[in-house]
Amino acid sequence: MLNVRILRCRSALIRECMAEFLGTFTLLLFGCSAAAQVKTSNEKNGQFLSVNMAFSVGVMSAMYLTKGISGAHLNPAVSLSFCILGKVKWGRLLPYSFFQVLGAYMASAMVYLVYYDAIMEYSGGELTVYGQNETASIFATYPKEFVTVGRSFLDQVVGTGLLLLCILCLDEKRNTPAPPDLIPPIVAVIVLGISMSLSANCGGAINPARDLGPRLFTLTAGWGTEVFTCYNYWFWVPIVAPLLGGVLGSFIYLIFIHWQLPDEEPPENLLTFSSICDKTKHVNIITEKGNEVKTAQF
C-alpha cells in the first residue's frame, strides 16, 4: 500500500502555493466555464446572473478545498491586505500571487479546450476582442465603451474595498464571528452581492489574478496583443485598482470597526458590577458605622 507521507511536500510554502494554485484554478474553472456557456449560446444556456452565481460557487468550493492549507486567499488583493494587517508574512505575497495568476491561466486553458468547438462556431473562427461575436470577454474583463478609465478604476476600488471590509469581520471574536465551517458560503454570498451590484461597468474582476491570468492566456491562445492594448491600454485597471481597493477597505475596517471594539477582557484593576456578578452568584455590600457592620445582599 502506498505510503501517503512520501507524497507530502515538506515545504510549508510550497504546500500553500499549491493550494493557492488549485483554489484559483477551481474558482476560474467555474466562472469562465459559465461565461463561455452563456456567451456561445447567446444566453440560451444561462444569463449574466448565471456567471455571477458560478463565480460565487467557485469561491465557496475553492475555500472549502484549500482554506486549511493556505487560508484560501485566491486573490493577490487579499494576500496584500493580509500582509499589511500582519495576518500573513510578506515573504508569502509574491509566491501566492504568482501561483494565483498561474492557476487562473491554467483554468482558462481548460475552459478553452472544453468549449473550443462552441467558441469557434460562435466567433466564426475569428478570435476577437471587439465586435458582436467577440469572445475575449469569456476569459478576462473589459469595460463598457461609455465608461471612462477613471470611473472604471473607482469601480474596482469600491468593489474590492467592499470585499475586504465584509470578509475581515467574519472571524472577529470581539464582534459577531461567523462559524468557521460557514465562512466559505458567507464569502460566496458576499462575492455574489458584489457581482450583482458592481459588475456592469467593467466586469467586476475585484481580483488581479482573476483578470491577468485569463488575459495572458488569451494573448497566447490567438487573440493577440489587442487584449492588452484595447480600450487605451485598459488592462492595468483590474490589476492596480483591486490592490488599492483591498488596502483601503482593510484600513476602513480597522478605523471604523476593529479599533472601536471593546477589549476582550477588562484590565485587572478595573472591576465592574457585571464582572463581579459573572464570578459570584451574589454581591455583598458592607458599610461600617463605628463598630456596627451592616451587610446588604442582592
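Note that the structure is a prediction, hence the values are computed from the model and not measured.
- Note: Leu164 CG to Ile206 CD1 = 9.5 Å, rounded to the nearest 0.5 Å.
- Close placement of the Tyr231 and Tyr130 rings is indicated, their centers lying within 6.0 Å of each other.
- For the atom pair CD of Gln260 and CG of Leu254, the computed distance is 10.5 Å after rounding to the nearest 0.5 Å.
- With 3.5 Å as the limit, one finds a donor-acceptor pair spanning the side chains of Glu20 and Ser70.
- A tilted orientation is assigned to the rings of Trp223 and Phe217, their planes being inclined by 30° to 60°.
- The CG atom of Leu28 sits 12.0 Å away from atom CE of Met106, with the distance rounded to the nearest 0.5 Å.
- Within 6.0 Å of the OH atom in Tyr116, the count of heavy atoms belonging to other residues, nucleotides or ligands does not exceed 12.
- Side-chain contact between Asp171 and Lys87 is present, with at least one heavy-atom pair separated by less than 4.5 Å.
- Heavy-atom contacts from other residues, nucleotides or ligands closer than 6.0 Å to CD of Glu145 number 12 or fewer.
- Pairing each heavy atom of Ala178 with each of Ile186, the nearest pair is CB-CD1, 3.5 Å.
- Asn52 places a side-chain heavy atom less than 4.5 Å from the side chain of Phe48.
- For Arg174, the CZ atom sits in a packed shell: over 12 heavy atoms of surrounding residues, nucleotides or ligands are nearer than 6.0 Å.
- Taking the side chain as every heavy atom from C-beta outward, Ile138 and Tyr122 never approach each other to under 4.5 Å.
- Between Pro76 and Asn207 there is a side-chain heavy-atom pair separated by less than 4.5 Å.
- Contact annotation: the side chain of Tyr115 never approaches that of Cys32 to less than 4.5 Å [non-hydrogen atoms, C-beta and beyond].
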Would you check, one step at a time, whether the test side chain to side chain contact (heavy atoms under 4.5 Å, CB included) holds for Trp234 with Cys202? CA-CA 10 Å; Trp234 182 84; Cys202 48; 3.5 Å; yes
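- In the hydrophobic clustering of ILVMFWY residues, with side-chain heavy atoms under 4.5 Å counting as a link, Met120 and Val38 come out apart.
- Follow the hydrophobic side-chain contacts under 4.5 Å out from Val101 and you never reach Leu13; the two are in separate clusters.
- Side-chain atoms of Ser199 do not come within 3.5 Å of backbone N or O of Gly203 as any donor-acceptor pair.
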Please assess Leu80 against Val247 for the test side chain to side chain contact (heavy atoms under 4.5 Å, CB included), listing each intermediate value before the final yes or no. CA-CA 8 Å; Leu80 174 62; Val247 173; 3.9 Å; yes
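- Checked by atom type and distance alone, the side chain of Gln37 pairs as donor or acceptor with a backbone atom of Asn45 at under 3.5 Å.
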With side-chain hydrogen bond (donor to acceptor under 3.5 Å, both in side chains) as the criterion, how do Ser123 and Asn133 come out once you've worked through the C-alpha distance, each side chain's angles and the decisive distance to 0.1 Å? CA-CA 5 Å; Ser123 66; Asn133 293 329; over 6 Å; no
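- Taking the ring centre of Tyr142 as origin, the terminal cationic atom of Arg215 falls inside the region bounded by 6.0 Å and 45° from the ring axis.
- Looking only at side-chain heavy atoms (C-beta outward), Thr24 and Phe99 stay at 4.5 Å or farther from each other.
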Evaluate Tyr105 against Thr220 for side-chain hydrogen bond (donor to acceptor under 3.5 Å, both in side chains), listing each step before the verdict. CA-CA 10 Å; Tyr105 181 99; Thr220 58; 2.8 Å; yes
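- Distance alone, capped at 3.5 Å, is enough to place a donor-acceptor pair between the Lys144 side chain and the Ala200 backbone.
- The CD1 atom of Ile14 sits 10.5 Å away from atom CD of Glu16, with the distance rounded to the nearest 0.5 Å.
- At least one side-chain heavy atom of Ile119 sits under 4.5 Å from a side-chain heavy atom of Leu127.
- Phe30 has its ring centre no less than 6.0 Å from the ring centre of Phe55.
- Every side chain to side chain contact (heavy atoms under 4.5 Å, CB included) that Leu244 has, sequence neighbours left out, goes to Phe153, Val157, Leu248.
- For Gln156, the side chain to side chain donor-acceptor pair (under 3.5 Å) test picks out no residue, with sequence neighbours left out.
- The shortest non-hydrogen separation linking Thr160 to Gly246 is CG2-N, 3.8 Å.
- When every heavy atom of Cys169 is checked against every heavy atom of Cys166, the shortest pair comes out as SG-O, 3.1 Å.
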Begin from the C-alpha positions of Thr40 and Glu121 and carry the test side chain to side chain contact (heavy atoms under 4.5 Å, CB included) through to its verdict. CA-CA 8 Å; Thr40 58; Glu121 175 67 20; over 6 Å; no
Apply the test side chain to side chain contact (heavy atoms under 4.5 Å, CB included) to residues Met53 and Leu192: give CA-CA distance (whole Å), side-chain angles for both, the deciding distance (0.1 Å), then the verdict. CA-CA 6 Å; Met53 294 180 67; Leu192 177 60; 4.0 Å; yes
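- If you chain together hydrophobic residues whose side chains sit under 4.5 Å apart, Ile255 and Ile84 fall into the same group.
- More than 12 heavy atoms of other residues, nucleotides or ligands sit less than 6.0 Å from atom CD of Glu172.
- For the pair Gly159 and Ile194, the tightest heavy-atom approach, listed with the atom from each and the gap, is O-CD1, 3.7 Å.
- Closest approach of Pro242 and Ala77 over heavy atoms only: O-CB, 3.5 Å.
- Cluster annotation: Ile167 is connected to Val191 through the hydrophobic network of ILVMFWY side chains, with a link wherever side-chain heavy atoms come within less than 4.5 Å.
- Both Leu165 and Ile183 sit in one connected hydrophobic cluster of ILVMFWY residues. Membership requires side-chain heavy atoms under 4.5 Å apart, directly or through other members.
- Between the side chains of Glu134 and Ser137, at least one donor N or O lies within less than 3.5 Å of an accepting N or O.
- Between the side chains of Ser152 and Asn201, no donor-acceptor pair is found at a separation under 3.5 Å.
- Going from atom OG of Ser79 over to atom CG of Leu74 covers 8.5 Å, rounded to the nearest 0.5 Å.
- From His73, atom NE2 reaches atom NZ of Lys67 across 9.5 Å, with rounding to the nearest 0.5 Å.
- Aromatic ring centres of Tyr233 and Phe228: separated by at least 6.0 Å.
- Counting only heavy atoms from C-beta outward, the side chains of Leu85 and Leu168 approach each other to under 4.5 Å.
- Surrounding CZ of Phe251 are at most 12 heavy atoms belonging to other residues, nucleotides or ligands under 6.0 Å away.
- For Pro214 against Ala140, the heavy-atom pair with the smallest separation is CB-N, 4.0 Å.
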